[in-house]
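The block underneath contains the structure these notes are about, expressed in structure tokens.
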Protein chains: 2
Amino acid sequence: MGMDTAVSSTGARARTRRAILDAGTAVLAQNPTASLADVAAAAGVGRTTVHRYFAERSDLVDAIGVDVLEKIGAATDRARPDDGPALTALERVCQEYFELGESLAIIFDESMAATWNWASWEEDTEADLALARLVDRGREEGTLDGRLDTDWIVQVLWSLLYVAWQRNRGGDTKHNALSLCLYTLRKSVGVPT
Amino acid sequence: MGMDTAVSSTGARARTRRAILDAGTAVLAQNPTASLADVAAAAGVGRTTVHRYFAERSDLVDAIGVDVLEKIGAATDRARPDDGPALTALERVCQEYFELGESLAIIFDESMAATWNWASWEEDTEADLALARLVDRGREEGTLDGRLDTDWIVQVLWSLLYVAWQRNRGGDTKHNALSLCLYTLRKSVGVPT
DNA sequence: CGAGAATGGAACAGCGATGTTCTACTGCCG
DNA sequence: CGGCAGTAGAACATCGCTGTTCCATTCTCG
């Protein structure tokens, strides 16, 4: 007993956990009030199995939150926010975030954030800090518009990502949506010519 | 019997209806899953009174949707989308929409839109058409960026409004938030210099 | 094959929201 | 005053989701 703190013996537990986590992300991204039965069905497991991995609904929601945060962290690292011109680095960040797909929609959902009690949310993530650092650098470098404050630029980045993702959902090409997103991002937060 | 199709005799009914509608907009904008008891409390009426005006929850939600759509229509008219340079007109639209306040948040909520069955949503509103017309005109005039298609520009407008409204909620001045919004809007959808 | 892990499904109790009904209370107008 | 519109509140039945327990089945690995 008590062996289930980390990875389990067979690895089957790990796979099931991932399936529930991914299904939960996808389902709750589209409808934050979806029932656990819906999540279970999407994950291809029984409803009791979900409760076996996440005792309460909030446990699942929290786990999804942690999972998404990890994905964002990894994506931020991949984008190497401290390399090269700030605007270029910001575009790399944008591209990496765009690839997160459904996980994006979770972040924008306020009714989800409302049920997030957990500590890791209030305080800034390492990724948040890295992003803020990047934008600050760009404003000092002169490659980002100094008339826009850091928070605003970050929020515009996220909102453009959201719109682009919506467009992708709407049937447009990922490439097309991302192109529009990057182009608009450059124009909006870049230095006015 | 059957006299309640339009405005009631005393006008007290109309006032109560408005109170519920406004409270519903405010409450559901912040938490789409709020109970009708919450709405009733916010409106300062009894829970049964809410049911007297809107038999089912969906009836209230639909009514709020219609109400918001009317507000958007009126705001669009006030902005005179067909007058003057397109970019300037678009800024006027942005200002008018910004004034809608909490009603804005309702529109962006997907879990709310998910429960919207009603016909008026799928088909474009007169305001939608006017806005599309305005953007089209701007792209032909050359005052809006022709590399961005009409839908994208409209969605960017809405998303900037959303970000600005969030900022306003976060304690910033309305004037400040709106300024950033308009400035960014000009840069993103205006012609590249 | 055989033991233990992992799962699915049925069944159940509890809870909160919904929607309905009925009874009083208040205010307004003739 | 007396009647009527509008309302609050209590009480109730119902429903869907939640979380739990139990048992049968399947899977997997030694």
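Keep in mind that the numbers below use all heavy atoms, side chains included, and drop hydrogens, waters and symmetry copies. Within every chain, numbering begins at 1; the chains are lettered A, B, ... in the order of the sequence lines, protein sequences first and strands thereafter. Owing to the predicted nature of the structure, the values given are computational and were not obtained by experimental measurement.
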### Task
Could you point out which residue of L60(B), V66(B), V61(B) forms a side chain to side chain contact (heavy atoms under 4.5 Å, CB included) with I64(B)?
L60(B)
### Message
As a test of understanding, state which of L160(B), V163(B), V156(B) forms a side chain to side chain contact (heavy atoms under 4.5 Å, CB included) with L160(A).
### Response
V156(B)
### Query
Of all the choices, dG9(C), dT7(C), dG6(D), which nucleotide is nearest to the side chain of T48(A) once you look at every atom?
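Of the options given, the side chain of T48(A) lies nearest dG9(C).
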### Query
Between dT20(D), dG8(C), dA8(D), which nucleotide has the shortest distance from any of its atoms to the side chain of H51(A)?
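The closest nucleotide is dT20(D).
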### Message
Please tell me if Y53(A) has a side-chain N or O lying less than 4.0 Å from either OP1 or OP2 of dT7(C).
### Response
yes
### Task
State whether D83(A) and R92(A) are salt-bridged, where the test is any N-O pair (Lys NZ or Arg NE/NH1/NH2 against Asp/Glu carboxylate O) under 4.0 Å.
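No.
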#### Entry: K71(B) and E99(B) ion-paired at < 4.0 Å
no
### Message
Return the CG to CG distance between D136(B) and L131(B), rounded to the nearest 0.5 Å.
### Response
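Those atoms lie 10.0 Å apart.
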Whole-Å distance separating the [atom1] atom of [X] from the [atom2] atom of [N]:
X	N	atom1	atom2	value
R17(B)	dA5(D)	CZ	C1'	18 Å
E56(A)	dG14(C)	CD	P	17 Å
D59(B)	dT18(C)	CG	P	13 Å
R57(B)	dT20(C)	CZ	P	15 Å

### Task
Select base, sugar-phosphate, or nothing to describe what R52(A) touches, counting heavy atoms under 4.0 Å on all strands.
base
### Task
Describe the nucleic acid contact of R47(A) in one word from base, sugar-phosphate, nothing, applying a heavy-atom distance below 4.0 Å.
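Result for R47(A) = base.
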### Query
Could one point to a donor on the side chain of T49(A) or the base of dG8(C) with an acceptor on the other under 3.5 Å away?
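Such a pair does not exist between side chain and base.
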### Message
Tell me the closest heavy-atom pair linking G142(A) and V191(A), and the distance in Å.
### Response
O-CG1, 2.7 Å
### Message
Let's see if you get this right: which residues in residues 33-41 of chain A place a heavy atom under 4.0 Å from DNA chain C?
### Response
none
